[in-house]
K.L.:
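Take a look at this one; I'll ask things after.
Starting from 1, each residue takes its place in the sequence as its number.
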Amino acid sequence: MNGRVSSWDLSVGVDGPGTRFVVFTAGCPLRCQYCQNPETWRMRDGRQVTTDEIMAEIGGYRRFISVAGGGVTISGGEPLLQPRFTADLLRRCHDSGLHTALDTSGLLGIRATDALLADTDLVLLDIKSYDPATYRRVTGGQVEPTLRFARRLAELRRPTWVRFVLVPGLTDAPGNVDALARFVADLGNVERVDVLPFHRMATGKYERLGLRFPLADVAPPGQELLDRVHAQFHAHGVTSV
């Protein structure tokens, strides 16, 4: 099966449990203001590979990632922009005994078949905002497809970690956080919420690509704001880290 990827790399603790082999697929329908991977936006900028090539690459790290309690994460970009390629890679990793994770915005969740999700041990679901107006401001897209996908994951009882990027002045409104916490608490399959503090480490990438980083003047959240947001999740019985 052919697909287009931007890169692959090893990560620890940020793309699922343990040490992960992370495949960054090329192409994304959203344009999040805080995106850290602008090089993955366009599918044509990725290089064409086969699942055989990627499995061979994973094979070189298999013992290391297994001993470290990790696995393989398909990220992006947006993996569900290439659903057949993503499904094939997840199936082959799952069948070989590797823990699998899918990192997705959920916007294209309708493209994920039940078989694809059955081969996914963990879904990392990026909910950029619960409030529709804020979501559109953050991403240029609509939040409802993501919420529908979250409900479907709950019905299928697929283990899920929700990821929420906390941006001062953009996603931090108390009502927005509280609504997301209530939504997550009602699902029943969400093991935790990763509250990811906004940072500006991708500024150099934007400069190299000749792009303007929209949030270049926004400071990362302080400890007081982080504590407030965690407290809001905890008040609804949701584990946040």
K.L.:
Among residues at least two apart in sequence or on other chains, which ones pass salt bridge (charged side-chain N to carboxylate O under 4.0 Å, His left out) with Arg158?
P.N.:
none

K.L.:
Ignoring hydrogens and angles, state whether a donor on the side chain of Ser96 or Arg62 is under 3.5 Å from an acceptor on the partner side chain.
P.N.:
yes

K.L.:
Between Asp121 and His94, is any pair of side-chain heavy atoms under 4.5 Å apart?
P.N.:
yes

K.L.:
Could you measure the distance from the CZ atom of Arg137 to the OG1 atom of Thr171? Nearest 0.5 Å is fine.
P.N.:
10.0 Å

K.L.:
Under 3.5 Å, is there a donor on one side chain and an acceptor on the other for Thr104 and Glu78?
P.N.:
yes

K.L.:
Atom CG in Asp103, atom CG in Asp126: separation rounded to 0.5 Å?
P.N.:
4.5 Å

K.L.:
Please, which pairs that meet ring-ring contact (aromatic ring centres under 6.0 Å, His included) have at least one residue in residues 54-73, sequence neighbours excluded?
P.N.:
Phe21-Tyr61

K.L.:
Can you measure from CZ (Arg151) to OG1 (Thr146) and round to the nearest 0.5 angstrom?
P.N.:
10.5 Å

K.L.:
Contact between Leu98 and Ile65 at the side-chain level, heavy atoms closer than 4.5 Å - yes or no?
P.N.:
yes

K.L.:
Could you work out the complete set of other residues in the hydrophobic cluster of Trp161, with links drawn between I, L, V, M, F, W and Y side chains under 4.5 Å apart?
P.N.:
Leu122, Leu124

K.L.:
If we count only N and O atoms by modelled type, under 3.5 Å, do the side chains of Thr40 and Asn37 hold a donor and an acceptor together?
P.N.:
no

K.L.:
Do the side chains of Arg92 and Asp95 get close enough for a salt bridge, i.e. N-O under 4.0 angstrom?
P.N.:
no

K.L.:
With a 4.5 Å limit on heavy-atom distance, are the side chains of Cys93 and Met55 in contact?
P.N.:
yes

K.L.:
About how many Å separate CZ of Arg163 and CD1 of Ile127, when rounded to the nearest 0.5 Å?
P.N.:
12.0 Å

K.L.:
Within the side chain of Thr86, is there an N or O that forms a donor-acceptor pair under 3.5 Å with the backbone of Pro79?
P.N.:
yes

K.L.:
With sequence neighbours excluded, what pairs up with Glu155 under the salt bridge (charged side-chain N to carboxylate O under 4.0 Å, His left out) test?
P.N.:
none

K.L.:
Show every ring-ring contact (aromatic ring centres under 6.0 Å, His included) that has at least one partner inside residues 65-90, sequence neighbours left out.
P.N.:
none

K.L.:
Less than 4.0 angstrom from a charged side-chain N to a carboxylate O is my criterion; do Arg152 and Asp114 meet it?
P.N.:
yes

K.L.:
Measure the spacing between CZ of Arg4 and CZ of Arg47 and express it to the nearest 0.5 Å.
P.N.:
10.0 Å

K.L.:
Of the non-hydrogen atoms in Cys35 and Ala202, which two are nearest, and what is the gap between them?
P.N.:
O-CB, 4.2 Å

K.L.:
Holding to salt bridge (charged side-chain N to carboxylate O under 4.0 Å, His left out), I want the full list of residues that pass it with Arg192, two or more places apart in sequence or in another chain.
P.N.:
Asp194

K.L.:
Apart from Val167 itself, what residues make up its hydrophobic cluster when side-chain heavy atoms of I, L, V, M, F, W and Y under 4.5 Å apart count as a link, directly or indirectly?
P.N.:
Tyr34, Trp41, Val138, Val165, Leu170, Leu196, Phe198, Tyr206, Leu209, Leu211, Phe213, Leu215, Val218

K.L.:
Just distance, no hydrogens or angles: give the donor-acceptor pairs under 3.5 Å from side chains in residues 10-20, sequence neighbours left out.
P.N.:
unit_1: Ser11; atom_1: OG; unit_2: Asp15; atom_2: OD2; d: 2.7
unit_1: Arg20; atom_1: NE; unit_2: Thr73; atom_2: OG1; d: 3.0
unit_1: Arg20; atom_1: NH1; unit_2: Pro17; atom_2: O; d: 3.1
unit_1: Arg20; atom_1: NH1; unit_2: His99; atom_2: ND1; d: 3.0
unit_1: Arg20; atom_1: NH2; unit_2: Val72; atom_2: O; d: 3.1
unit_1: Arg20; atom_1: NH2; unit_2: Thr73; atom_2: OG1; d: 3.4
unit_1: Arg20; atom_1: NH2; unit_2: His99; atom_2: ND1; d: 3.1

K.L.:
Between the side chains of Thr51 and Asp88, does any donor sit under 3.5 Å from an acceptor?
P.N.:
yes

K.L.:
I'd like to check the salt bridge (charged side-chain N to carboxylate O under 4.0 Å, His left out) partners of Asp217; sequence neighbours left out, ordered by chain and number.
P.N.:
none

K.L.:
Could you tell me which residues satisfy side chain to side chain donor-acceptor pair (under 3.5 Å) with Asp119, sequence neighbours excluded, listed by chain and number?
P.N.:
none

K.L.:
Could you tell me whether the side chain of Val177 reaches within less than 4.5 Å of the side chain of Phe164, counting heavy atoms only?
P.N.:
yes

K.L.:
Under a 4.0 Å N-O cut-off, is there an ion pair linking Arg200 with Glu207?
P.N.:
no

K.L.:
CD/Glu39 to CZ/Arg208 distance, rounded to the nearest 0.5 angstrom?
P.N.:
8.5 Å

K.L.:
Would you mind writing out the side-chain donor-acceptor pairs for residues 225-241 within the sub-3.5 Å range, not counting sequence neighbours?
P.N.:
unit_1: Asp227; atom_1: OD1; unit_2: Gln223; atom_2: NE2; d: 2.8
unit_1: Arg228; atom_1: NE; unit_2: Gln232; atom_2: OE1; d: 3.1
unit_1: Arg228; atom_1: NH1; unit_2: Asp172; atom_2: O; d: 3.4
unit_1: Arg228; atom_1: NH2; unit_2: Asp172; atom_2: O; d: 2.5
unit_1: Arg228; atom_1: NH2; unit_2: Gln232; atom_2: OE1; d: 3.2
unit_1: His230; atom_1: ND1; unit_2: Ser240; atom_2: OG; d: 2.6
unit_1: Gln232; atom_1: NE2; unit_2: Pro174; atom_2: O; d: 3.0
unit_1: His234; atom_1: ND1; unit_2: His230; atom_2: O; d: 3.4
unit_1: His234; atom_1: NE2; unit_2: Ser240; atom_2: OG; d: 3.0
unit_1: His236; atom_1: NE2; unit_2: Asp178; atom_2: OD1; d: 2.9

K.L.:
Do any pairs count as a ring-ring contact (aromatic ring centres under 6.0 Å, His included) and have a residue in residues 125-149, sequence neighbours left out, and if so which ones?
P.N.:
Tyr130-Phe183

